[in-house]
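Computation of the quantities below employed the complete heavy-atom set of this structure, encompassing side-chain atoms and omitting hydrogens, waters and symmetry-equivalent molecules. Each residue takes its place number in the sequence, starting with 1.
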Amino acid sequence: MSTETQHKAAEEGPETTIPLPARSPERSIVLVGLMGAGKTTVGRRLAQKLGLGFVDADAEIERAAGETIPEIFERHGEAAFRDGERRVIARLLEGGPQVLATGGGAFMDETTRANIAARGISVWLRADLDVLMRRVARRGNRPLLKQGDPRRTMERLIGERYPVYRCADITVESIEGPHETVVDDVIAKLEEFRKGGDAA
C-alpha cells in the first residue's frame with residue numbers, strides 16, 4: 001500500500017482484540033466462507049431477523065483504504081490487502097454485537113481467527129463448487145479469479161481453505177434456493193450453540 005494508505009490502515013486500531021466470555025451476548029456473528037458462499041446476502045437478512053446491525057468487512061476495508069479491493073490487489077498486492085483486512089476486522093469486532101461478513105481469505109489469517117474466536121461466533125457458510133461457480137459468474141470483481149481458469153482456482157481455494165473453515169464454531173450448508181432457508185438454518189444452529197450444544 002502507499003504510505004498514506006498504510007497510515008489509514010494503521011489508524012483502524014490494533015491487530016488483536018480483548019476477549020469476551022464464551023457465551024456473551026455481546027459477541028458478533030461472523031460469517032466466513034469462500035467467495036460466492038452468500039455471506040453478504042445471508043448476512044443482511046440474518047441481521048434483520050436478529051435485530052442487529054450488518055457490516056461487510058470488504059466494504060469497510062475499501063472505505064478505510066480509499067480504494068476498491070481490486071485496486072488494492074493490483075496496486076499493492078495481496079499481502080498489503082491482508083494486513084489492512086486484519087486491522088479492520090479487529091476494529092469491527094470491538095463494535096459488536098453485529099453480523100459481520102468477512103472476505104473469503106480473512107479466516108485464513110491466524111490473528112484474525114484468534115480475534116474472531118475472542119469476540120465472535122464464527123459461522124462457515126459451506127457451498128459446493130458448482131454452486132460457488134454459478135454465483136461468482138454473476139460478478140466480475142473477484143481479484144483471485146482474474147488470472148487462469150476460474151474453476152481451477154476455486155478448486156484450489158477449496159482445497160486450501162475448507163480445512164481451515166472447519167475450525168468455525170458453526171457450519172451451515174449454503175445451498176441453491178431461497179436465502180431464507182440458509183438464514184433459518186443459521187439461527188437454529190446459533191440457538192443450539194449458545195445453549196452449549198454442538199452446532200458444527
Side-chain angles (χ1 to χ4, degrees), residues 1 4-35 37-69 71-72 76 78-125 141 164-165 167-172 174 179 182-183 186-187 189-195 199:
M1 291 184 181
E4 181 180 357
T5 302
Q6 288 174 331
H7 286 318
K8 287 180 181 178
E11 289 169 1
E12 290 302 319
E15 290 193 357
T16 58
T17 61
I18 300 171
L20 288 169
R23 307 294 171 183
S24 170
E26 294 303 306
R27 283 178 170 262
S28 291
I29 299 161
V30 184
L31 303 181
V32 304
L34 276 182
M35 64 186 92
K39 299 184 296 291
T40 299
T41 304
V42 170
R44 290 186 190 281
R45 298 185 185 196
L46 178 65
Q48 186 175 27
K49 277 202 168 187
L50 296 178
L52 296 173
F54 172 76
V55 182
D56 186 300
D58 283 352
E60 289 295 310
I61 293 164
E62 291 182 335
R63 183 192 63 77
E67 298 174 301
T68 67
I69 288 173
E71 287 172 343
I72 297 171
H76 315 292
E78 184 175 359
F81 169 77
R82 297 300 175 197
D83 181 62
E85 178 180 58
R86 185 184 310 114
R87 292 182 178 277
V88 168
I89 290 176
R91 186 259 299 171
L92 292 173
L93 286 167
E94 297 286 348
Q98 63 203 331
V99 175
L100 173 60
T102 63
F107 203 63
M108 301 300 292
D109 182 88
E110 185 176 358
T111 300
T112 296
R113 285 200 306 278
N115 286 337
I116 292 172
R119 300 190 69 89
I121 299 172
S122 52
V123 180
W124 174 26
L125 297 184
N141 62 340
V164 178
Y165 292 157
C167 298
D169 297 312
I170 295 169
T171 298
V172 173
S174 181
H179 288 291
V182 180
V183 172
V186 172
I187 291 173
K189 290 202 172 186
L190 275 170
E191 291 175 354
E192 185 178 351
F193 178 80
R194 285 170 166 159
K195 290 176 183 176

Can you tell me how far the CD atom of Glu78 sits from the CG atom of Asp83, to the nearest 0.5 Å? 12.5 Å
State plainly whether the residues Arg82 and Glu85 are in salt-bridge range, i.e. N to O under 4.0 Å. yes
When rounded to the nearest 0.5 Å, the distance separating OG1 of Thr111 from CD1 of Ile89 is 11.0 Å
Looking at Val186, Leu52, Thr41, which one forms a side-chain contact (heavy atoms from CB on, under 4.5 Å) with Leu46? Val186
Are any of the side-chain heavy atoms of Val99 and Arg44 separated by less than 4.5 Å? no
May I ask you to test the Val42-Val172 pair for a side-chain heavy-atom distance under 4.5 Å? no
Just wondering, do Ile170 and Ile121 contact through their side chains at under 4.5 Å, heavy atoms? yes
Quick one: pull up CD1 in Ile61 and CG in Asp56 and give me the separation to the nearest 0.5 Å. 8.5 Å
To the nearest 0.5 Å, atom CG of Asn115 lies from atom CG of Asp109 at 8.5 Å
Side-chain heavy atoms of Leu93 within contact of Val30, under 4.5 Å: yes
Could you grab the distance from atom CE of Met35 to atom CG of Asp58, nearest 0.5 Å is fine? 10.0 Å
Counting neighbours of CD on Glu26 that are heavy atoms of other residues, nucleotides or ligands and sit closer than 6.0 Å, is the number greater than 12? yes
Within the distance-only criterion (no hydrogens, no angle test), does the side chain of Ser174 pair as donor or acceptor with the backbone N or O of Ala37 below 3.5 angstrom? yes
Do Glu192 and Lys189 sit within salt-bridge range, that is, some charged N less than 4.0 Å from a carboxylate O? no
Do Arg27 side-chain atoms and Pro21 backbone N/O form a donor-acceptor pair below 3.5 Å? yes
Return yes if some donor-acceptor pair links the side-chain N/O of Lys39 with the main-chain N/O of Gly33 below 3.5 Å, else return no. yes
Do side-chain atoms of Thr102 reach the backbone of Leu31 as a donor and acceptor pair under 3.5 angstrom? yes
Is any side-chain heavy atom of Phe107 closer than 4.5 Å to a side-chain heavy atom of Val164? yes
Rounded to the nearest 0.5 angstrom, the CH2-CG distance for Trp124 and Asp169 is 13.5 Å
Is there a side-chain contact between Tyr165 and Leu34 (heavy atoms, below 4.5 Å)? yes
